[in-house]
Amino acid sequence: MNKHILSLIAIFTISISITAQTEATSPKAKYRRSSLYTLMLNDPSRPYAEVIRASFEKGPIPEKFNDHNLGTRVIPAANVKDETENITAYLEANNVARDIVAKWFNRSAKGGFNMDLIASRGTYDAGALDIAKAKASQRGLAALADAGEELIKNTFVLVNDYNYVSKEEVAKKVGGWLDNIAAATGSSDLLAAKEGVTFLGKGYVVKTTAFLFRLKWDEETAAIFYNDYWADDATITPEKIKAFNESKIFKLELIGSDNSWADVQATTLTKKTEEQLIEKATIKAVDAVIIKLQKNHDEFKTKTPLFSGEPITAKIGLKEGLSDKSKFDVLEQRQDKDGKTEYVSVGTIKVDTAYPIWDNRYGADEENPANADGKTYFKKVSGKDFYEGMLIVQKKGK
């Protein structure tokens, strides 16, 4: 074979390799998000309870999570200072952890399971995840373990307890006045001052106290599920259906709780109704409390793909709590010899203050129509070349 043909083959091989890498790491390609099921406590006697409930139920799951919502999304409030016991009792009594697992394994009306959802969310080969085949091969078992570690284990339940309260009441509770409220809500009193209205003690906020749980999925739980409960529709038996339906091995663990506020920003210039303003504040309050929970709990932090490597950009912004001081580790997703996923830190980036941080908060397109860039710019702190699709995760405390 002459040198010219060998050169063409080499170029073709390199081209295929680059294309495969680009497809695997492109933002259009799927990456393994954590999954989230959101609920709320409901007390019809609270101010604007129905508006807040309707706003919550139609509000979107943040795009950085897979939507793992089940049919029921409302828990009756106990009207006590700490709702933790009430929420935990509800989740256990209604077998929420078991139903989350049933959704992961795409349980059918017949009671059988399949791996379609896991394969889809994890970009796995569905055949390699077939339980019978997996048990017969080291690579298949590694894929099952990988799916459990990367996907099922990173399933969270977020329960929100909303209140519509005056800023004055909130200020007193947090032990301060204007500075504390401004920091908590991210709002500004500039417009109010122009209208001759004092921010202090005026108006209302939607406050949410959020309780974060995580599905317990370890080797023991997985082994019991695969050995005692698993069967597809062709092999399911009444005994296995009964065993799963009566199972108590699936658990949710409380990770922590936090609270946040969102301003119901009514001014003489707004054309929105009070109900529309409350809807907006309800959704913003959830985004804000997720930011706080992620800062305080590393296991809840999400990975985001780089949108581009030169310049370095990502489709995250103020909704994710970015500031001029935000720093991120850059991760390269790799596979070991068995095909199990691992993440290797290859550098660090920080927000590039030469550009404005993208304002992707709910309703920002109405408040700031010029804010259309759709991404935030970063600059390199350490590392070599970064490329589209590499994953970034915020550094602790940043």
Side-chain angles (χ1 to χ4, degrees), residues 36-62 65 67-94 96-97 100 155-175 180-181 183-187 203-215 252-264 274-275 277-297 300 319 321 362:
L36 186 65
Y37 174 24
T38 61
L39 301 99
M40 68 166 285
L41 292 174
N42 185 46
D43 177 5
S45 67
R46 294 178 184 175
Y48 291 100
E50 287 304 312
V51 176
I52 290 173
R53 176 174 175 172
S55 302
F56 165 78
E57 290 182 324
K58 74 177 184 180
I61 290 285
F65 295 99
D67 183 342
H68 210 79
N69 282 337
L70 304 178
T72 300
R73 299 190 59 206
V74 175
I75 298 174
N79 287 317
V80 292
K81 186 175 181 181
D82 185 353
E83 292 274 0
T84 305
E85 187 175 336
N86 172 47
I87 295 169
T88 302
Y90 177 92
L91 296 175
E92 290 179 355
N94 288 274
V96 170
I100 287 172
T155 306
F156 298 91
V157 175
L158 187 69
V159 182
N160 297 283
D161 186 13
Y162 294 103
N163 264 307
Y164 180 82
V165 295
S166 71
K167 293 175 185 175
E168 182 178 18
E169 181 181 343
V170 176
K172 288 179 180 178
K173 286 185 177 181
V174 298
N180 287 349
I181 294 299
T185 64
S187 63
Y204 294 85
V205 297
V206 172
K207 176 187 175 185
T208 182
T209 301
F211 302 82
L212 180 67
F213 296 80
R214 186 183 192 182
L215 179 68
L252 290 166
E253 299 174 310
L254 179 64
I255 300 298
S257 64
D258 219 320
N259 53 58
S260 194
W261 298 261
D263 195 0
V264 181
E274 190 164 12
E275 286 77 11
L277 292 169
I278 293 169
E279 174 186 335
K280 188 175 180 181
T282 300
I283 295 171
K284 280 189 169 183
V286 175
D287 290 338
V289 83
I290 285 176
I291 292 169
K292 293 184 73 173
L293 286 166
Q294 288 184 324
K295 286 183 177 178
N296 294 329
H297 304 284
F300 193 46
K319 188 172 81 168
Y362 184 75

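This structure is a prediction, so every number in the text was calculated from the model and none was measured.
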query: For Phe56, what residues pass the ring pair (Phe, Tyr, Trp, His ring centres under 6.0 Å) criterion, not counting sequence neighbours?
result: none
- prompt: Quick one: ring pair (Phe, Tyr, Trp, His ring centres under 6.0 Å) partners of Tyr90, sequence neighbours excluded?
  reply: none
For Phe156, all residues meeting ring pair (Phe, Tyr, Trp, His ring centres under 6.0 Å), sequence neighbours excluded: Phe300
message: For Ile291, give me all partners under side chain to side chain contact (heavy atoms under 4.5 Å, CB included), at least two apart in sequence or on another chain.
response: Lys295
task: With rounding to the nearest 0.5 Å, note down the distance linking CD in Glu275 to OG in Ser55.
output: 9.5 Å
statement: In short, Lys292 meets Asn259 closest at the heavy-atom pair NZ-O, 2.8 Å
task: Run the numbers on Met40 and Val74 for side-chain contact (heavy atoms from CB on, under 4.5 Å), then give the verdict.
output: CA-CA 5 Å; Met40 68 166 285; Val74 175; 4.3 Å; yes
Pair listing, salt bridge (charged side-chain N to carboxylate O under 4.0 Å, His left out) test, anchored in residues 69-92, at least two apart: none
query: Can you name the residues that form a side-chain hydrogen bond (donor to acceptor under 3.5 Å, both in side chains) with Thr282, not counting sequence neighbours?
result: none
Partner residues of Asp287 under the salt bridge (charged side-chain N to carboxylate O under 4.0 Å, His left out) criterion, sequence neighbours left out: none
field: 4.5 Å side-chain heavy-atom contact, His68 and Val157
entry: no
- prompt: Which pair of non-hydrogen atoms, one from Ser257 and one from Phe211, has the smallest distance, and what is that distance?
  reply: CB-CD2, 3.8 Å
field: Val96 and Tyr37: CA distance, side-chain angles, deciding distance, side-chain contact (heavy atoms from CB on, under 4.5 Å) verdict
entry: CA-CA 10 Å; Val96 170; Tyr37 174 24; 3.7 Å; yes
- prompt: Rounded to the nearest 0.5 Å, how far apart are OH of Tyr204 and CG of Asp263?
  reply: 12.5 Å
statement: Closest non-hydrogen atoms of Val264 and Ala281, given as atom of the first, atom of the second and distance, are CG2-CB, 3.9 Å
- request: Run the numbers on Leu254 and Thr84 for side-chain contact (heavy atoms from CB on, under 4.5 Å), then give the verdict.
  value: CA-CA 9 Å; Leu254 179 64; Thr84 305; 3.7 Å; yes
- request: Identify the heavy atoms of Ala262 and Ala285 that sit nearest to each other, and give their distance.
  value: CB-N, 3.6 Å
message: Any heavy-atom pair between the side chains of Ile290 and Leu158 that's under 4.5 Å?
response: yes
Spacing of Asn94 atom CG and Thr72 atom OG1 [to the nearest 0.5 Å]: 7.0 Å
query: Can you name the closest pair of heavy atoms from Leu252 and Ala97 and give their distance?
result: CG-CB, 3.9 Å
- prompt: How long is the span from the CG atom in Asn86 to the CD1 atom in Ile75, to the nearest 0.5 Å?
  reply: 7.0 Å
message: Taking salt bridge (charged side-chain N to carboxylate O under 4.0 Å, His left out) as the cut-off, I'd like each qualifying pair that reaches into residues 39-54, sequence neighbours left out, listed once.
response: Asp43-Arg46, Arg46-Asp161, Arg53-Glu57
message: Just to verify, which of Leu212, Thr38, Leu39 counts as forming a side-chain contact (heavy atoms from CB on, under 4.5 Å) with Val159?
response: Leu39
- request: Go through the structure and list residues passing side-chain hydrogen bond (donor to acceptor under 3.5 Å, both in side chains) with Thr208, not counting sequence neighbours.
  value: Asn160
- prompt: From His297 NE2 over to Ile255 CD1, what is the distance, rounded to the nearest 0.5 angstrom?
  reply: 7.5 Å
field: Nearest-0.5 Å distance that lies between atom OG1 in Thr155 and atom CG in Leu36
entry: 9.5 Å
- request: Please test Phe213 against Ile87 for side-chain contact (heavy atoms from CB on, under 4.5 Å), starting from the C-alpha separation and ending with a verdict.
  value: CA-CA 10 Å; Phe213 296 80; Ile87 295 169; 3.7 Å; yes
